[in-house]
2 protein chains.
Amino acid sequence: MSADHPTILCTVDVVLLTLIDGALHVLLQKRAADPFSGVLALPGGYVHAQEDRDAADAAARVLREKTGIVSPYLEQLACFAGPGRDPRGWSVSIAHVALVAEEALRAVPAAAGAEPQWKPVARLPVLPFDHRQIVARAVERVRTKSQYSSLPVYLCGERFTLPQLQAVYEAVLGEPVNKVSFRRKIDELGVVEPIEGEFEAGGAHRPAQLYRLRRAFRHALSVSGRGLGG
Amino acid sequence: MSADHPTILCTVDVVLLTLIDGALHVLLQKRAADPFSGVLALPGGYVHAQEDRDAADAAARVLREKTGIVSPYLEQLACFAGPGRDPRGWSVSIAHVALVAEEALRAVPAAAGAEPQWKPVARLPVLPFDHRQIVARAVERVRTKSQYSSLPVYLCGERFTLPQLQAVYEAVLGEPVNKVSFRRKIDELGVVEPIEGEFEAGGAHRPAQLYRLRRAFRHALSVSGRGLGG
DNA sequence: GCAATAGTGTCTTTGAGACAGTATTGA
DNA sequence: TCAATACTGTCTCAAAGACACTATTGC
């Protein structure tokens, strides 16, 4: 029965987001091969049936191979499929969203793929395939989830203060949040903990308590994004 | 580059839910072909590159061809993918959730496929592939969305009373809901409207106002499920 | 002391649930 | 008139936001 139907292209794409100067940016790379060789696009690639254990695994591999980045948060976004999105024919892209702290990018080893470029999601260049819609859906998902979850902590570095975390929420949501209710919410979500005796010094004002992710929410590898407060 | 990789099976599966005697039921059919020929499973099939315009379109076609049902609500759920879920090899299933009123099933023409069987989601038989997880995720999605949206209206017939709609919500959510806040919420969602002068007669009590979906929320065909109060 | 930001106590406002009342039917 | 359910007005309670106050630093 499978022979009745022409081969369908099966790929994964990754929308990797980070916060630069208070604005969400997405990682783009110049494509190494046709179609659209040399054009800026989302990192993506074919599923490797020999090595990938599932779609998230494939997305994590593609991200690692092309950019050297291992994201602490990786979640399936949706399938984008149809006859027109890829000039080669009917294709399926299993799109994923990943989050990383800008700070963590400084430790990334030399990438195997093209030099990554960060573009603000509010001013994207023209993108091939349906990558513009994919990015839009990813941003929408992150904004929606940030309203009730602790997702934005994955945009912070290892150590952060609550005022910093609040600024991250405000940047993602695009609106100010109430300080008191923000702290109440973060407290009851229970995903971060104060680092005993550690404070952010430097300013001409009272130093802020440093926090970190609780152990149960730290991931060296990719996670599904479900049921983890994300 | 595509030749580097073995063919990946690309299918769609549909979790069609309805409410029977106050309990969520899922439509299953005996499979017509191997693998698992003759075993009860979700209706599913290959993507047809020649005719399907996207994944939801493929799901609607599969559902229509195999069961004769055209659902007023169809939404992409997630991709289930991996080497172990199908004995034929690495496979991708683009799973969808669909909702239909039990009442609407009576008007369904003779199905081209096997006789559909409705099984309660709380007591599923053993299912092939990863269909059990797919059903579980579908039910979880419907429950979650029902908490804040008008999704359950698609489990009602064309005309319904608010007490009937409330009972549907309670069946889906598995818990009683407050009558006053329920009516406030339905009112502000703005997806239903009273049918002027029409009441549900019959009981030895005050008749209830009949309601229907507002025109903007009625769909003869499948919809994406996003941004429509669903 | 003063400016600046961190952190907290508490009042107000808003929305959800509880409860009890009125409305309308068939018997 | 009574039982039964539809519908509605209003009180109570809990969560969220507003505001103001204290805390701690560098200058």
Side-chain angles (χ1 to χ4, degrees), chain A residues 21-22 143-153 156-212 229, chain B residues 22 143-153 156-157 159-212 229:
Chain A
D21 294 335
R143 292 224 165 100
T144 304
K145 277 207 165 186
S146 297
Q147 282 168 1
Y148 59 86
S149 80
S150 60
L151 222 180
V153 298
C156 287
E158 274 192 37
R159 295 142 46 93
F160 49 87
T161 69
L162 290 188
Q164 283 168 359
L165 182 58
Q166 179 173 349
V168 169
Y169 268 84
E170 290 174 337
V172 171
L173 297 174
E175 60 186 17
V177 307
N178 181 278
K179 182 170 60 167
V180 178
S181 20
F182 171 74
R183 282 163 179 256
R184 269 194 298 243
K185 182 64 85 182
I186 291 296
D187 184 50
E188 72 194 26
L189 285 173
V191 297
V192 302
E193 62 187 3
I195 309 174
E196 193 159 345
E198 300 239 22
F199 295 86
E200 171 93 334
H205 52 79
R206 176 173 173 176
Q209 172 73 55
L210 280 168
Y211 284 76
R212 65 182 167 214
Chain B
R143 292 223 165 101
T144 303
K145 276 205 167 187
S146 298
Q147 283 168 359
Y148 59 87
S149 81
S150 59
L151 222 182
V153 298
C156 286
R159 295 143 45 92
F160 50 87
T161 69
L162 290 188
Q164 283 168 359
L165 183 58
Q166 180 174 348
V168 170
Y169 268 84
E170 289 173 338
V172 171
L173 297 174
E175 59 186 18
V177 308
N178 181 278
K179 182 170 58 168
V180 178
S181 20
F182 172 74
R183 284 165 178 256
R184 268 194 298 242
K185 182 65 83 180
I186 292 295
D187 184 50
E188 73 194 26
L189 284 175
V191 297
V192 302
E193 61 188 2
I195 310 174
E196 193 158 345
E198 300 238 24
F199 295 87
E200 170 94 333
H205 53 78
R206 174 173 174 179
Q209 172 73 55
L210 280 168
Y211 284 76
R212 65 181 165 213

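Throughout, a chain's letter reflects where its sequence line sits, starting with A, and its residues are numbered from 1.
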Taking CD from B/Gln166 and P from D/dA6, how many angstroms apart are they, rounded to a whole number?
9 Å
Considering only side-chain heavy atoms of A/Arg183, which listed nucleotide, D/dA6, C/dG26, C/dT8, is closest?
C/dT8
side-chain N/O A/Arg184 vs D/dA15 OP1/OP2, d < 4.0 Å
no
Once you round to the nearest 0.5 Å, how far does CG of B/Leu162 lie from CD of B/Glu200?
11.5 Å
side-chain contact (heavy atoms from CB on, under 4.5 Å) between A/Phe199 and A/Gln209, intermediate numbers included:
CA-CA 5 Å; A/Phe199 295 86; A/Gln209 172 73 55; 3.5 Å; yes
Please work out if A/Lys179 contacts a base, only the sugar-phosphate, or nothing of the nucleic acid, heavy-atom cut-off 4.0 Å.
base
Please give, in whole Å, the distance from C/dG17 C1' to B/Lys185 NZ?
13 Å
Expressed in angstrom and rounded to an integer, what is the separation of A/Leu210 atom CG from D/dT24 atom C1'?
15 Å
Nearest to the side chain of A/Val180, heavy atoms from C-beta on, is which of C/dA6, C/dT25, D/dC19?
D/dC19
Can you measure from CD (B/Gln164) to OH (B/Tyr169) and round to the nearest 0.5 angstrom?
14.5 Å
Salt-bridge criterion met for A/Glu193 and A/Arg212 (N-O under 4.0 Å):
yes
What's the CD-C1' distance between B/Glu188 and C/dT14, to the nearest Å?
12 Å
Length of the CG-C1' vector between B/Leu165 and D/dA6, whole Å
15 Å
For B/Leu162 and C/dT24, what is the distance between atoms CG and P respectively, to the nearest whole Å?
17 Å
Give, for atom NZ of B/Lys185 and atom CD of B/Gln166, the distance between the pair rounded to the nearest 0.5 Å.
14.0 Å
Between D/dC7, C/dG7, D/dT25, spot the one nearest the side chain of A/Pro207, thanks.
D/dT25
Picking from D/dC7, C/dT5, D/dG17, which would you name as closest to the side chain of B/Gln209?
D/dC7
What's the closest nucleotide to the side chain of B/Arg206 if the choices are C/dT5, C/dT24, C/dG17?
C/dT24
By nearest-nucleotide position on DNA chain D, the 5'-leaning member of A/Phe182 and B/His205 is B/His205
Does a nitrogen or oxygen in the side chain of A/Asn178 sit under 4.0 Å from OP1 or OP2 of D/dA18?
yes
Grab the CG-P distance between A/Asp187 and C/dG9 for me, whole Å please.
12 Å
How many whole angstroms separate atom OH of B/Tyr169 from atom P of C/dG17?
13 Å
